[in-house]
Amino acid sequence: MDFTEDQIHRYSRHILLQDVGVEGQEKISNGKVLIVGAGGLGAPVALYLAAAGVGTIGIIDGDVVDLSNLQRQVIHFTPDVNKAKVLSAKEKINQLNPDVKVITYYDLLTTANALEIIKDYDFIVDGTDNFPVKFLINDACIKAGKPFSHGGILRFDGQTMTILPGTACYRCVFHAPPPPNAVPTCSQAGVLGAIAGMLGTIQATEVLKYLTGVGDLLTNRLLTFNAKTMEFRTIKVKHNHRCQVCGDHPTITELVDYEQATCEIKSQH
Amino acid sequence: MGSILVNGKAQEVEVPISLMDLIRANKVEQPEMVSIQVNGEFVNREDFNSTIINTNDEVDFLYFMGGGSRC
């Protein structure tokens with residue numbers, strides 16, 4: 001790929017990095033990344049990946065922008081209220097960086113469409129708020145051999161880990177979704193808006209590291225932080241040989257539809 | 001009393017202590033909702049009672065966290 005003079009200028013701070021350079025920027029520009037959820041986590045991920053010049057960004061989200069989203073979902077602006085989140089996100093990405101091809105899916109990720117959608121991407125980012133979809137992303141990515149980043153935030157806390165084929169997966173650590181309503185979501189318990197940015201930018205960094213091959217990914221480690229104390233921890237986690245999806249004798253061979261918390265189906269109004 | 005590490009922080013507890021008692025002592029709100037590692041190994045939920053924690057053991061409580069967007 002030959003960069004134009006404008007592109008060399010636009011990406012100059014990446015190109016200056018010894019670990020990235022023109023070659024690394026080419027890898028970023030050839031990258032295809034799917035972001036599941038254009039909300040608190042998906043917003044910073046999409047903005048930073050767009051700014052970085054990721055060639056193709058797919059965004060799937062079945063929701064529209066609500067006024068209560070704007071406290072943290074920084075890709076959506078006040079005039080976007082009631083607009084499809086994928087459309088709002090696409091507009092901002094196009095303005096930020098016209099180099100980026102944006103593919104939108106105004107839909108929920110389901111057992112029926114997950115494998116078909118993720119197959120075209122190099123890396124998947126989990127920016128969802130509910131456990132059935134988190135497990136669906138995990139299982140679909142394991143099945144398809146796709147790397148992905150798990151992310152979760154609640155109140156003042158965040159957690160993330162990167163999963164590559166063969167490393168500890170989300171199900172190795174958390175086994176199965178909690179019963180509906182057992183764990184509060186941000187729309188029920190609240191979340192400090194800025195921590196969505198803290199967590200999302202870590203996820204975006206992992207994507208760029210993956211695309212460029214720079215550094216060590218957050219694999220076999222769960223990073224957690226608490227914004228009140230501003231303490232970060234990385235907890236080593238091992239691939240679980242008894243894991244139902246990636247263990248020695250997987251019992252989950254088809255994607256699973258888990259019941260969702262009913263209050264979540266009507267979303268965060 | 002013995003010193004153990006819980007989520008990376010030293011705690012003085014009466015050892016030996018069962019993992020379930022340690023969960024209660026740490027006021028984990030929903031023990032059934034937490035994933036637990038002892039010395040880097042995951043413990044099955046049904047083994048919380050029978051797992052005994054001793055001096056210098058490292059215990060990590062890992063919580064479910066959602067966040068992001070409904071999708």
Side-chain angles (χ1 to χ4, degrees), chain A residues 36-43 60-63 69 73 85 107-109 126-131 133-134 137 150-154 157-160 172-175 177-179 182-187 189 191 195-196 199-200 222 224 231 233 235-238 240 242 260 264-265 267-268, chain B residues 1-13 15-71:
Chain A
V36 186
L41 301 176
I60 174 163
D61 197 308
D63 219 347
N69 299 151
Q73 302 180 11
K85 284 186 180 178
D107 204 350
L108 304 176
L109 194 74
D126 159 29
T128 67
D129 76 344
N130 70 86
F131 299 101
V133 180
K134 287 190 183 300
I137 293 169
H150 152 72
I153 49 171
L154 189 66
D157 294 290
Q159 68 174 210
T160 177
C172 287
V173 180
F174 290 107
H175 315 297
V183 176
T185 62
C186 293
S187 51
V191 60
I195 72 160
L199 206 281
L222 180 73
T224 67
E231 281 186 327
R233 274 193 84 208
I235 302 142
K236 281 188 186 159
V237 291
K238 273 192 214 158
N240 184 347
R242 290 168 306 186
Q260 295 222 21
E264 277 310 288
I265 286 167
S267 125
Q268 54 275 78
Chain B
M1 297 292 273
S3 183
I4 62 169
L5 279 181
V6 176
N7 287 353
K9 289 201 170 142
Q11 254 183 36
E12 292 291 323
V13 293
V15 288
I17 182 173
S18 81
L19 183 54
M20 192 49 103
D21 285 338
L22 186 70
I23 291 169
R24 290 196 190 100
N26 279 275
K27 301 195 171 76
V28 174
E29 280 175 28
Q30 296 169 297
E32 66 280 12
M33 290 300 104
V34 70
S35 194
I36 301 181
Q37 281 198 137
V38 175
N39 300 326
E41 299 287 343
F42 285 105
V43 180
N44 284 336
R45 203 145 278 140
E46 53 271 25
D47 298 332
F48 283 2
N49 271 311
S50 59
T51 301
I52 303 301
I53 306 302
N54 273 300
T55 306
N56 294 332
D57 279 348
E58 296 181 21
V59 181
D60 288 301
F61 297 128
L62 309 176
Y63 296 93
F64 274 110
M65 227 170 271
S69 181
R70 189 185 73 102
C71 192

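Letters go in sequence order (proteins before strands), and every chain restarts at 1.
At a threshold of 4.0 Å, the pair A:Arg233-B:Asp60 counts as salt-bridged, since one of the basic side-chain nitrogens sits closer than that to a carboxylate oxygen.
Contacts of A:Asp126 with chain B are absent, with no heavy-atom separation under 4.5 Å from either backbone or side chain. Proximity to chain A (any heavy atom under 4.5 Å) is shown, for B:Asn7, by both the backbone and the side chain. For a residue to count as touching a neighbouring chain, one of its non-hydrogen atoms must lie under 4.5 Å from one of that chain's; by this rule A:Val191 does not touch chain B.
Residues of residues 50-58 of chain B lying under 4.5 angstrom from chain A, judged on non-hydrogen atoms, do not exist here.
Looking at every heavy atom in both residues, A:Phe174 comes nearest to B:Ser35 through CD2-CB, 4.0 Å.
The structure places CZ of A:Arg242 at 10.0 Å from CZ of B:Phe42, a figure rounded to the nearest 0.5 Å. In this structure, CG in A:Asn240 is found 9.0 Å from CD in B:Glu41, a value given to the nearest 0.5 Å.
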Step by step, work out the side chain to side chain contact (heavy atoms under 4.5 Å, CB included) result for B:Phe64 and A:Leu154. CA-CA 9 Å; B:Phe64 274 110; A:Leu154 189 66; over 6 Å; no

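Remark: the backbone N or O of A:Lys236 is paired with a side-chain donor or acceptor of B:Gln37 at under 3.5 angstrom.
At least one side-chain heavy atom of B:Leu62 sits less than 4.5 Å from a side-chain heavy atom of A:Val237.
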